[in-house]
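Structure, as structure tokens:
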Amino acid sequence: SLFRCYLFRKMNKTISLPQLSSKRTTSKYVKKSKFQSANKGEKIAISTEGLADIQPYSESNTPSDLASPFLHDEAFKSSEFNIRNSINKHGVANSVAMTPAKTNGSNATTTHLSSSTFVRFRRGAGASVALQQAMSHVKDFMTDVQKAIVLLREGKISMDNGDYRGAIEIFSECISLNPSISVFSCRATCYKLLDMYNEAYFDYCYMIRLQPDDGSFYCSRGLCLAKLKKLTMAYEDLDNAIEMEPNNPNLYFGRSNVYAECHKHDLAVEDLTRALYELDHLTVGGVSTAVNHELRLKCGYRRAVSYFELKQYEKVVQDVNDVLALDPNSISARALLGKALKVLCEYKKAEEQLTIAILLDETMATLYTERGDLRFRTGLKNKLIEAIYDFDKAIRILESKLPLSNNFHSNTNGAFAQQGFVITASYYKELEEQLAEAYFKRAQAKLMIDNSNADPEESNNAVHYKAALSDALKAAHYISDDDDYLMIVAICYIKLNQYEDAKGILEDVLARS
């Protein structure tokens, strides 16, 4: 039997498996089922499909309804599905998709596992440096479980070093040796860090099949569905998770995040209030206070953010003060407190909180932008100069983070690679939005300096107006569909007596709005 298994691996063949039991599936059963036929005496069916026949991941070969192969579709209980690894253009296994498969000449269904899924990953040119280094720690005398433990350790090291793609390859190899919940969870985390929520969704589906009574898996899958804009299915998973574990505050916190992203802040406040209530009872029950302390900070801050969106600023101040009582070094909490105090016209206190936040982290550009906006609103000339200094600092920080066009390349998974580091597309877009806002506010501040002299030919005014126009054009370049950004460009043209240019921009704005 061992020699036959060895031949199968050398031949890159696909091995037919029996139908999985409806009971909880363990790694031991799957391992035993690799080379075991459904009935005694029946020969193992060999498919002619090899690694070359596996289709790369694309929208065309992905199920239209993501959840249909799993617990959202009762058909899964009566049929098996073809599990195949999706490989990218470099031949590296990225994700797993599932499609129905039937045996030839029979109505019965079988599960076909691709040789790249449950057979040892090859150490050839297709393997990344991280995988090759990880495989160097694997010895031939080890069992599959021991090899999986070594690869899991190496994969976590790659995760800590920020090499998420290398970690995914290592975890995929680990799953081929011993599929377990911990490995699927680590790989799903890497997928989410790369904004690959479709692949993370399938990993959580496997985790649910292995352990269907854990509500946290449903919650994690629901969060992935929310990122994929499958809100109906997301709410279904999140509700099921809470029904299974009604006293788990983490589940309420997860559902509140989806409510907040859908701008249902009143429902988010209800879930966060319930989560804080459950945390109080968990603390009395003697559960680890360190975990509760961290979750309490998250729930308190998230509820304050929802109150801010609901324009209940007094409650924002109250919640943020509670958070700062637990963690005085919370930068995000102090930034939110500064924004709330600014709306309440308590400018001195707001500037004090933002200054403390900047002292705690001098590399966060949004803090400089927020404090600059606060100083700009005072209208005082000395404050305007300080505001421009803050905007300058924010722009320098953001431009250092924003990769230049010749330093990164786009790949098939919507991420950018720069000097070995991965920058997701959403993070790149967020940097552009922050940079555009900093340019926009600096243009406003420059327009207000020396504006008492109405003659644009004077040197000081001309310099400020031209500098403001340059900033306004840069802001409009990053975000071209914002009317406010276009309006500031038109105002700069008017200040410089370039009325034809201003007229063209204003006509475009009026045609759109």
Side-chain angles (χ1 to χ4, degrees), residues 57-59 61-73 76 81 83-86 88 93-99 155 159 164-165 167-168 171-172 175 179-245 248-264 267-268 271 275 298 302 412-415 422 424-427 429-430:
Y57 169 78
S58 65
E59 294 295 333
N61 58 29
T62 304
S64 58
D65 186 356
L66 290 177
S68 59
F70 301 97
L71 298 183
H72 288 95
D73 192 349
F76 184 81
F81 293 82
I83 304 177
R84 52 182 172 77
N85 262 359
S86 298
N88 61 17
N94 277 340
S95 61
V96 182
M98 305 188 74
T99 54
M159 282 183 63
Y164 302 123
R165 298 192 181 280
I168 288 173
F171 292 139
S172 299
I175 290 172
S180 61
I181 290 177
S182 59
V183 186
F184 278 119
S185 178
C186 291
R187 190 172 71 170
T189 301
C190 292
Y191 281 140
K192 290 191 296 184
L193 291 172
L194 294 173
D195 286 351
M196 300 168 65
Y197 294 101
N198 189 36
E199 289 79 359
Y201 165 83
F202 282 109
D203 276 357
Y204 285 122
C205 289
Y206 299 145
M207 295 165 63
I208 291 175
R209 289 295 296 173
L210 293 175
Q211 190 170 332
D213 56 347
D214 195 319
S216 63
F217 300 160
Y218 289 90
C219 181
S220 299
R221 189 173 71 173
L223 295 177
C224 289
L225 288 168
K227 293 292 185 179
L228 296 170
K229 308 302 180 183
K230 302 281 187 178
L231 296 180
T232 302
M233 296 160 59
Y235 288 138
E236 179 183 350
D237 267 354
L238 294 168
D239 293 341
N240 288 337
I242 292 178
E243 288 179 4
M244 297 174 67
E245 301 180 28
N248 190 340
N250 290 280
L251 305 183
Y252 291 101
F253 177 73
R255 190 171 67 174
S256 69
N257 290 332
V258 179
Y259 282 143
E261 291 178 0
C262 297
H263 305 289
K264 298 181 180 180
L267 297 177
D271 273 356
K298 292 180 180 179
R302 286 296 310 173
T412 56
N413 293 317
V422 175
T424 61
S426 60
Y427 177 71
K429 182 179 179 181
E430 182 181 358

Distance in Å, R221 CZ paired with F202 CZ, rounded so as to fall on 0.5 Å steps: 10.5 Å
Can you tell me how far the CZ atom of R302 sits from the OH atom of Y259, to the nearest 0.5 Å? 14.0 Å
Apply side-chain contact (heavy atoms from CB on, under 4.5 Å) to I175 and Y206, showing your working. CA-CA 11 Å; I175 290 172; Y206 299 145; over 6 Å; no
Between the side chains of E261 and K227, is the shortest nitrogen-to-carboxylate-oxygen separation below 4.0 Å, so that they form an ion pair? yes
Report the residues that fulfil side chain to side chain donor-acceptor pair (under 3.5 Å) with N250, sequence neighbours left out, ordered by chain and then residue number. N248
Pick one: which of Y164, Y204, Y201 meets side-chain hydrogen bond (donor to acceptor under 3.5 Å, both in side chains) with K192? Y204
With sequence neighbours excluded, residues passing side-chain contact (heavy atoms from CB on, under 4.5 Å) with A167: S158, M159, F171, C190
For Y197, give me all partners under ring pair (Phe, Tyr, Trp, His ring centres under 6.0 Å), at least two apart in sequence or on another chain. none
What pairs with E430 under side chain to side chain donor-acceptor pair (under 3.5 Å), at least two apart in sequence or on another chain? Q434
What are the two closest non-hydrogen atoms of C219 and L251, and how far apart are they? CB-CD2, 3.6 Å
Do you know which two heavy atoms are closest between C224 and A200, and how far apart they sit? SG-CB, 3.8 Å
Could you give the distance from SG (C186) to CD1 (I181), rounded to the nearest 0.5 Å? 12.0 Å
Listed partners of K298 passing side chain to side chain donor-acceptor pair (under 3.5 Å), at least two apart: none
Taking only residues two or more places apart in sequence, or in another chain, which ones meet S216 in a side chain to side chain donor-acceptor pair (under 3.5 Å)? D214
Roughly how far apart are Y218 OH and D213 CG, rounded to 0.5 Å? 8.5 Å
Checking L231 against K229 for the side-chain contact (heavy atoms from CB on, under 4.5 Å) test, could you report, in this order, the C-alpha distance in whole Å, the side-chain angles of both residues, the deciding distance, and whether it holds? CA-CA 5 Å; L231 296 180; K229 308 302 180 183; 5.6 Å; no
What are the two closest heavy atoms between Y235 and K264, and how far apart are they? OH-NZ, 3.6 Å
Are L210 and F184 side-chain neighbours, meaning at least one heavy-atom pair lies under 4.5 Å? yes
Quick check: do I242 and M244 have side-chain heavy atoms less than 4.5 Å from each other? no
Return the CG to CE distance between L228 and M233, rounded to the nearest 0.5 Å. 8.5 Å
Kindly compute the distance separating CG (D237) from NZ (K230), expressed to the nearest 0.5 Å. 13.0 Å
Of all residues at least two apart in sequence or in a different chain, which pass the side-chain contact (heavy atoms from CB on, under 4.5 Å) check with S256? F253, A268, D271, L272
